[in-house]
Amino acid sequence: MRKNWQGALVLGALMASCTMALAIPAATAQTIEMAVDGSPAGLDPHIVTAFNSTTIVGGTIYEGLTVIDKDLRTVPGLAESWTVSPDGLTYTFRLRANLTFHDGKPAEAADVVASFNRVMSATIASPLASRLAALDKAAAPDARTVVLTLKEPSAPLLTALASIAIVPRAFEADKDSLQRAPVGTGPFKFKEWQPNSFIALEKHAGYWNAGKPAVSGVKFNIVPESATRQVGLTSGQYSILPNIDAATALQLRGRPNVRIVDTLELAYTLIGMNVSKPPFDNAKVREALNYAINRAEIVQAALFGAGVPGGSLSPALKDWAVDPATFPCFKHDPAKAQALLREAGVTTPVAITLLVLPRQDIRDIAQVVQQQLNRAGFRVELRIPEIGQFVQDWRNSNFDAFASTNAGSTDPDDYYYRTFRTGGSTNVFKYSNPTLDALLDAGRRETAMPARKAAYDRAQAILACEGPAATLTYGQLFTATRTNVQGFDIIANRSLMSLMNVTLAR
Amino acid sequence: MSRSFLRTRFADLAIVLVGVSMLTFLMIRLVPGDAVAIMLGANAEVTAERMAEMRARMGLDLPIPVQYAQWLGAVLTGDFGTSLWTGQPVIGEIAKHVWPTLQLTGLSLLLGAGLAVPLGVAMARLRGGWQETALQIASVVGLTVPSFWLGIMMILGLATLAPDLQMLGYVPFASDPLGNFTRLLLPAIALALPILANLARLVRSAMLDALQQDYVRTARAKGVSERSVLFKHALRNALIPFVTSVGIMTGYLLGGAIVVEQVFAIPGLGRLILGAISERNYPLLQAAILLVTSGFVVANFAVDLLYAVIDPRVRLEGRL
């Protein structure tokens, strides 16, 4: 027994000294160590659309015919060029030469056709199907030519194609394989997935863009705890923390060997209102809510100043976004809000329950909004459910109003059509406005930029004050890297395609 | 060990496992939000029909009793199903996650229980002195400080003191034994501290109790050395409540491991279960819960047996 006692103490002392003395040397230089906050929900680009998955596979493993570059323009991807028929109904794409999939097979027009058919097929049940809604049929007259025939002209098509990954034709009817073992044409090739631990990618030797990628691989370490990710970055265990929130970025700013890069987000935070029932069936109440909100205060209080108040298109879309200063209701005016409520004939305070997306920044925003609305004639109760409950209530329009975030896009059609058009697939507000519908239809069919711009300018004006969504803020999107990471570009749509350019200096 | 004793324990085990499987099956399905909705999130544009198709593909459109019956039937033939999201057999995913958790909890138990005995004895020996007060305070602190907080503090502290230390994540033992050990040590300490404090206090009071017994007085009167009195006579008796507690602690450890694994980015069972809950990954969750419960029940079963070995009176009661 005496020996045991001493033995235990000696063992403990040994163990303690081991951690201090035996530091393992830094990670291998040629693999980029990333740390992300959650496991992806699967890696099939046509099935899973959550950020966690698309961030990891989009632009790294998979590519589309087109690609969104860092200036948010739609530029050639796997297609090196294309022509559009005068009636806007036929698109002919010319594929790059020497495209190969990660399994070594050539990527040809037939694979592109199979990929589109896969997205549109009922058995795959892809949530991306509506992006190809205008597509009548796809054909492959030869190995490098793809011809898309449309039912009606579609201005957003080229942008939408950037989000449709091209996969080998062998997977056209396969629902399971790509979820765990993705095969694409991108600069990185899938190597290993240890659920909850990491996803490892390696350089795709046959990548069409010769000389890319510069590193031998990328490893996405799955690290749910924010403090752990931060320490991992400052200690050099991780090289890049992509898409981090403002609070984390602020904490990391100024740390030795850490660099913060940022850009304005496409995604926006909003208060969504259910127009199918009181009180938000009344346009004046919706307008009052807009006047009651102080957007600048939200940016300061909930986003640490890292963001801007915004209308219903991201200010990052310089060609499209209307300056929110032109919307009268974006001026904070609680007295006006109360006057509008009186005009609306509703009893004040107007009691509403706000359904809140369970995410820290949205919770913070909801609390600020609650205070602001309460000062202007509302009585807001917050309901912050678990994510499954939130999604269910959101999909079933089971709310008076909700606070959430919406992903953005580089084309206004993608922002608006599904969200605000009568019967749109994410029109959970139950909003229906024939004038707006006509504008959105025109914006989709019209291919000339001035005419499209005119339609969306009017749509923004309609949506701004009486619309079902009071847009609040566009935040900054941050990425933290070690200072030895060179060539990384942050892109507002969260794509990590610039990883192919990254080099790690010693 | 009597046969009826073993038979009763095994029957208990089976009943508990079936009960737990039914409860988890029901509970997770009563929580709103299904796998399809969560997979798509509150953003994706997808029609109700498409969602129904995805649900049907995953077999989520069947009535819950039918789903349970199918699952139970498959489990009895050794098929635990495939993960809804990755399509992998869940048993393979669980196997990958079991080892880090076993190592982590094993090391914590070793640290916690191993150090608790000498510490408890020391506390009993030092009764009345300032050292005892110090140890008592330390043990209260150890009991009250949550493991996850301690874990975060350790990470932050070491990041300042030894910034080059690679201490996050998990390295398999086979690929780097030393890295495996150094990465598990911090989380194991964080996890072990409350257990150490708890068990040390238990050993202390059991020792104090034992030291007041007649047989100790007799031993002392016979001139047995103090060391022998402490370890041969008192400690053996004090160990009985200790062994019981260690069994219960194993359960706490598994619970604590969930949070500590999260903090230290260790791909263990705890994180697997957390993920499966938030993803509504039913087959994975069912199998993992069943495994953890079995582990817990088996640990208690082992303690019962051990109990009977240490204290013959237990064996006699088992015959009733």
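Per chain, numbering begins at 1; letters A, B, ... match sequence-line order.
- Contact of the A/Pro224 side chain with the B/Arg271 side chain is registered, since non-hydrogen atoms from C-beta on lie closer than 4.5 Å.
- With sequence neighbours left out, the side chain to side chain donor-acceptor pair (under 3.5 Å) criterion links B/Arg29 to B/Gln67.
- Summarising the geometry of A/Ile222 relative to B/Ala265, their closest heavy-atom pair is O-CB, 4.2 Å, with the distance given to 0.1 Å.
- Contacts between A/Leu178 and chain B at a heavy-atom distance below 4.5 Å are absent for every atom of the residue.
- Using a 4.5 Å cut-off between heavy atoms, A/Tyr238 contacts chain B through its side chain alone, with no backbone atom that close.
- At a threshold of 4.5 Å between non-hydrogen side-chain atoms, the residues B/Leu156 and A/Gln230 do not count as touching.
- Counting heavy-atom pairs closer than 4.5 Å to chain B, the top residue among A/Arg229, A/Gln194, A/Lys175 is A/Lys175.
- With a 4.5 Å cut-off on non-hydrogen atoms, A/Ser177 does not touch chain B at all.
- Atom-to-atom distance recorded for A/Glu225:CD and B/Glu261:CD is 13.5 Å, nearest 0.5 angstrom.
- With a 6.0 Å radius and a threshold of 12 heavy atoms from other residues, nucleotides or ligands, B/Arg125 has its CZ atom at or below the threshold.
- Here the CG-OG1 distance, from A/Asp176 to B/Thr82, works out to 7.5 Å after rounding to the nearest 0.5 Å.
- In this structure, B/Lys96 NZ and A/Ser197 OG are separated by 10.0 Å, a value rounded to the nearest 0.5 Å.
- Proximity to chain A is limited to the side chain of B/Ile152, based on heavy atoms less than 4.5 angstrom apart.
- A/Arg444 is linked by a side chain to side chain donor-acceptor pair (under 3.5 Å) to A/Asp413, counting only residues two or more places apart in sequence or in another chain.
- The choice from B/Val171, B/Leu272, B/Asn281 that makes the most heavy-atom pairs within less than 4.5 Å of chain A is B/Leu272.
- Both the backbone and the side chain of A/Ala122 come within contact range of chain B, judged by heavy atoms closer than 4.5 Å.
- Between B/Arg280 and A/Glu386 there is a salt bridge, since a side-chain N of the basic residue sits under 4.0 Å from a carboxylate O of the acidic one.
- With a threshold of 4.5 angstrom between heavy atoms, B/Gln262 approaches chain A through its backbone and through its side chain.
- Chain B forms more heavy-atom pairs under 4.5 Å with one residue of A/Gly42, A/Gly424, A/Ser121, A/Ala227 than with any other, namely A/Ser121.
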